[in-house]
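A quick write-up on the structure given underneath.
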Amino acid sequence: MSHLRWGTCGEEILAGTMARGEAEAFLRSVAQRVREVPLPFVPSLLVGADVAYGERQAVAAVVVWDLREGKVVWEETREGPVAAEYRPGLFFLREAPLVLPLLSRVPLDGWVALLHGHGMAHPLGAGLASVVGVLLGRPTVGCAGSLLCGRGGEPGEEKGSWSPVWWQGKRVGAFLRTRAGVKPLVVSVGHGLTLEEAVGLVHAASVYRFPEPLRLADALARKSLRAAAGGV
DNA sequence: GCGACAG
DNA sequence: ATCTTGTCGC
């Protein structure tokens, strides 16, 4: 498991074959490869990816959001079997199998992906967003509704206000007020950009609590799941 | 040993 | 995450 590229270890992830020990070792490897560095380009698109689950089948949705126009310019869904049960800390085993194939097929460039979960703000230093970012070699950001580890101060009440989240002496994420009057979102670097850039992008695309690309991907995934499973 | 725990 | 309509509140 030395080479971390989509295609080499992707099969294992897709098969949901990884045992807890293997999965943790995998996450540590991903954590070593995570880079928190400035973006090498000015992003014009944000890609939101999310998955809706049925009993055995699940549907992933990807929505490409044009930051300048403030609208969806492309979207796609993919149905597949539920790869694994949910276990805190190993969420990627459940979500990545369906999200990776979809993201690798986005026909546009210059984007940063938003994942529903954590990036570096993870006990092992790499959550779903980091796994996706490192395997695809693309910048990713983790957006979660609550902490998995670490702690941080309450940000100001106005939209855009944020405060750092700390874990074991390191700054691993931020509490971002994406909308006045709502519980702050936990934003963390998945891979390939700085926390300041991640926070700025999420803030720029937020109207409600979760940024538009993610909110729309969530809605599309559910709608597609009902059409696929409920239509029978 | 006990509690906490992304979605 | 999911089971689920209307409803209370800013």
Side-chain angles (χ1 to χ4, degrees), chain A residues 13 16 18 20 23-24 26-27 30-31 34 48-62 77-100 102-103 113-134 140-152 157-159 165-168 172-191 195 198 202 207-211 213-230:
Chain A
I13 295 178
M18 267 189 216
R20 172 130 225 155
E24 292 180 346
F26 172 74
L27 289 181
V30 170
V34 167
D50 200 16
V51 183
Y53 299 89
E55 295 186 35
R56 293 194 61 183
Q57 289 299 100
V59 174
V62 151
T77 61
R78 179 193 179 90
E79 183 181 359
V82 174
E85 290 304 305
Y86 167 72
R87 282 178 292 172
L90 297 184
F91 184 48
F92 81 99
L93 289 177
R94 184 172 169 82
E95 199 102 342
L98 279 169
V99 159
L100 283 170
L102 257 190
L103 282 177
L114 270 36
L115 283 297
H116 201 155
H118 293 298
M120 292 174 58
H122 181 285
L124 299 179
L128 170 68
S130 295
V131 170
V132 172
V134 169
T140 57
V141 176
C143 297
S146 61
L147 290 175
L148 184 53
C149 66
R151 48 177 291 186
E157 292 303 316
E158 68 285 9
K159 178 179 185 299
V165 167
W166 303 86
W167 167 244
Q168 299 184 329
V172 299
F175 271 138
L176 170 65
R177 190 80 67 187
T178 49
R179 184 184 190 184
V182 302
K183 181 180 177 182
L185 208 62
V186 183
V187 175
S188 61
V189 168
H191 179 62
L195 180 60
V202 172
V207 178
Y208 301 104
R209 188 171 182 229
F210 276 79
L214 269 185
R215 203 174 63 78
L216 296 171
D218 174 272
L220 177 58
R222 290 199 226 201
K223 174 187 170 188
S224 303
L225 177 66
R226 304 201 69 170

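Naming: A, B, ... by sequence-line order, numbering from 1 per chain.
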Discussion item. Categorize A:G145 for me: base, sugar-phosphate, or nothing, with a 4.0 angstrom heavy-atom threshold over every strand shown.
Written reply: sugar-phosphate
Discussion item. Taking the ring centre of each residue, are A:H118 and A:F91 less than 6.0 Å apart?
Written reply: no
Practice prompt. Give one of base, sugar-phosphate or nothing for A:A121, where a contact means two heavy atoms less than 4.0 Å apart.
Written response: nothing
Discussion item. Side chain of A:F91 only, heavy atoms from C-beta on: which candidate in C:dT2, B:dC5, B:dG7 is closest?
Written reply: B:dG7
Discussion item. Once you apply a heavy-atom cut-off of 4.0 Å, does A:L185 come out as touching a base, just sugar-phosphate, or nothing?
Written reply: nothing
Fill in: Heavy-atom closest pair, residues A:L115 and A:A49
CD1-CB, 4.1 Å
Fill in: Close aromatic pair by centroid cut-off 6.0 Å: A:F92 and A:F26
yes
Discussion item. Tell me whether the ring of A:Y86 lies stacked over the C:dA1 base, given a 5.5 Å limit on centroids and a 30° limit on the plane angle.
Written reply: no
Item to complete: Between B:dG7, C:dT2, B:dA6, spot the one nearest the side chain of A:L148, thanks.
Response: B:dA6
Item to complete: From the options C:dT2, B:dG7, B:dA6, select the nucleotide whose nearest atom is closest to the side chain of A:H116.
Response: B:dG7
Discussion item. Counting the atoms with a prime plus P, OP1 and OP2 as sugar-phosphate, which does A:L147 contact under 4.0 Å by heavy atoms, base, sugar-phosphate, or nothing?
Written reply: sugar-phosphate
Fill in: CD (A:E55) with more than 12 external heavy atoms under 6.0 Å
no
